[in-house]
Amino acid sequence: MWIQIGMIGGFLCLLGAVVLLASKSGSKSAQLENLKAELKRIAEERARAQRMVDNVHRTDIERVREKLQTTK
């Protein structure tokens, strides 16, 4: 009788441990997905900023001065 109770208790503990580990694994994968999305967003922002800088460098200096003087 005690052996059966011990086996059931052990099984429940094992089941609890599996659920706990699965939960932690799921939260870690969610964190990794969030980090990937953040890195992608940062890369897109940097690419956009670089395109703007490149556009300014290609623009004639007189046109740049004109834009700066008319912008308030």
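Just so we're clear, the structure is a prediction, and the values are computed from it rather than from any experiment. Sequence positions, counted from 1, serve as the residue numbers for this chain.
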Exercise for the section: Measure the OG1-CD distance between Thr59 and Glu66 for me, rounded to the nearest 0.5 Å. Expected result: 11.5 Å
Completion exercise
Here the gap from Arg63 atom CZ to Leu68 atom CG, rounded to the nearest 0.5 Å, amounts to 11.0 Å
Exercise for the section: Could you tell me whether Gln4 atom CD has more than 12 heavy atoms of other residues or ligands within 6.0 Å of it? Expected result: no
Problem - Heavy atoms of other groups near Ile3 CD1, more than 12 under 6.0 Å - result: no
Handout entry: Side-chain donor-acceptor pair present, Asn34, Glu38, cut-off under 3.5 Å
Key = no
Problem - Carboxylate-amine/guanidinium proximity below 4.0 Å for Glu44 and Arg48 - result: no
Practice task
State, with a plain yes or no, whether a side-chain heavy atom of Arg46 is found less than 4.5 Å away from one of Ile42.
Solution key: yes
Problem - Distance (rounded to the nearest 0.5 Å) between Glu33 CD and Lys36 NZ - result: 5.0 Å
